[in-house]
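Just so you know, these numbers come straight off a predicted model, no measurement behind them. Sequence lines set the chain letters: A, B, ... in the order given, protein chains first and strands last, and positions in each chain run from 1.
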2 protein chains.
Amino acid sequence: MTAERPSPARDRLVETATRLFNEGGYHATGIDRILADAGVAKMTLYNNFPSKDDLIVEVLRRRGEGFRAWLREWVTRSGAASSRDRLLSVFDAQAVWHQNGPAGPGLPFRGCVFVRASGEYPSGDSAIHQAAAANKQAVIDLLAELASDLAVPDPQDLAEQLGYLIEGATVAALTRGRTDSAERAKRSAAILIDAGSPPPA
Amino acid sequence: MTAERPSPARDRLVETATRLFNEGGYHATGIDRILADAGVAKMTLYNNFPSKDDLIVEVLRRRGEGFRAWLREWVTRSGAASSRDRLLSVFDAQAVWHQNGPAGPGLPFRGCVFVRASGEYPSGDSAIHQAAAANKQAVIDLLAELASDLAVPDPQDLAEQLGYLIEGATVAALTRGRTDSAERAKRSAAILIDAGSPPPA
DNA sequence: TTATATAGACAGACCGGTCTATCTAGACAA
DNA sequence: TTGTCTAGATAGACCGGTCTGTCTATATAA
């Protein structure tokens, strides 16, 4: 339904919305503010998206793609040779993200945009909630992909477990300002990985 | 500043607000709706609380106390004899909560109210954010208390780690509907506990 | 009398969304 | 080169509602 034609105004809109939603949340950020910051007319928004909710869905979709691309790039550049170390490098990426490092995924850290989205739109019927869920699942799938070569009985299960650690560390960083949470979680991750596979030589 | 005198109207207000915030979020739930549901006049709200934000803070405070009391009670009733098993029983409590079991902590599961609060009020300056942080820290402290007897090098650190697992499992249950996440996290928790202490005889 | 409650009007800002009217840039044809 | 048509952008008025918060006036009960 939504027009998918690319256009500079549309891009500016989505990028500005991404930034403002990250800073202030979804309900608290009005479209007037987004339009003013993006320098875009209201009709341009509604010619590109049926509603604010659809804009949010698009923001989540793009952000998810960008974040996962950044994460893959990070793992590759880490030069980790083993599946174990590639999985652990994810936690280093997370630490950079939490600490707003210059090599981070591009937004000042305000917690996970998907968690916040599913929190603000808690009903599972909401398209926003579903978009958040899809992006979260995609990260788990990425972890499962990294874990697939591991000599553990159930890589899928391990990926889910590591996902909990990552998620929890991000929440701790947001709510309690625990910017060391990723490093801490990394230690747990190593234990969980090694518990299911022969100890590295 | 806030009047702390108990009154039936005030209690009804806080309880109704707790329920509605849990269902729909903080920004999305207007005070008129709360007042109508509670059967309370608007001036009663503003005689008891300077603002909606202060009402939210009080909701979080009470909910935190109630939740932790429920959790302590659960652990006690589990009859677990060891620190290890008491810690693991927390994950059973969590599973009941996620699955809206009758013995749960009293609200239909919509994710953690504190995580959602710090997500909707992401600035660390916000009193709401700080209230959420305090309650989250109190849960970690409770875990640390349960872990204090454990023969591990750093019970405090272990509590933090288990906290990540719990947090991540709750997020997974909310965003992806993973209502089995607590049982899964429990397995990881056992590994982490045992990795830091002599295996039980 | 004093404190607490009620109902409900009211203010002023802001919400998402619609609408009209105008401008500009590019494609195309003469 | 010039004129025309079209798509997409602009500004901004406007709509009905909802938002938080204030106010007055009244009732009730210790």
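- The nearest whole Å value for the distance from the CG atom in B:D32 to the C1' atom in C:dG8 is 11 Å.
- Checked against C:dA5, D:dT20, D:dT22, the side chain of B:N48 finds its nearest nucleotide in C:dA5.
- In this structure, the CZ atom of B:R12 is 10 Å from the C1' atom of C:dA5, given to the nearest Å.
- Between A:Y121 and A:Y26, the angle of the ring planes goes over 60°, which puts this pair in the perpendicular group of the 30/60° scheme.
- Rounded to whole Å, atom C1' of C:dA5 lies 13 Å from atom CG of B:L13.
- At a threshold of 4.0 Å, the pair B:R77-B:E73 counts as salt-bridged, since one of the basic side-chain nitrogens sits closer than that to a carboxylate oxygen.
- Rounded to whole angstrom, the span from the OH atom of B:Y46 across to the P atom of D:dC23 amounts to 13 Å.
- Of the charged side-chain nitrogens involved, at least one lies within less than 4.0 Å of a carboxylate oxygen, so that A:E160 and B:R176 count as a salt-bridged pair.
- For D:dG21, its base sits under 3.5 Å from the side chain of B:K42 at one donor and acceptor pair at least.
- With C:dG17, C:dG8, C:dA5 as the candidates, the nucleotide lying closest to the side chain of A:S51 is C:dG17.
- The residue among A:A28 and B:M43 whose nearest nucleotide of DNA chain C lies closer to the 5′ end is B:M43.
- Between the CZ atom of B:R33 and the P atom of D:dG21 there is a distance of 19 Å, given to the nearest Å.
- Closest approach to the B:T44 side chain among C:dA5, C:dG17, D:dT10 is made by C:dA5 (side chain taken as heavy atoms from C-beta onward).
- Within a 6.0 Å radius of CD in A:Q156, no more than 12 heavy atoms belonging to other residues, nucleotides or ligands are found.
- Put simply, CG on B:L35 is 13 Å from P on C:dG8, counting in whole angstrom units.
- For A:N47 and D:dT10, the CG to P distance is 10 Å, given to the nearest whole Å.
- No side-chain heavy atom of A:V14 sits less than 4.5 Å from a side-chain heavy atom of A:N48.
- In the set C:dT18, C:dC19, C:dT6, the nucleotide with an atom closest to the side chain of B:A41 is C:dT6.
- Set against D:dT10, C:dG16, C:dT6, the side chain of A:K52 has C:dG16 as its closest nucleotide.
- Minimum atom distance to the side chain of B:A9 is reached by C:dA5, of the listed C:dT18, C:dA5, D:dT24.
- Note: CD1 (A:I31) to C1' (D:dG17) measures 14 Å, nearest angstrom.
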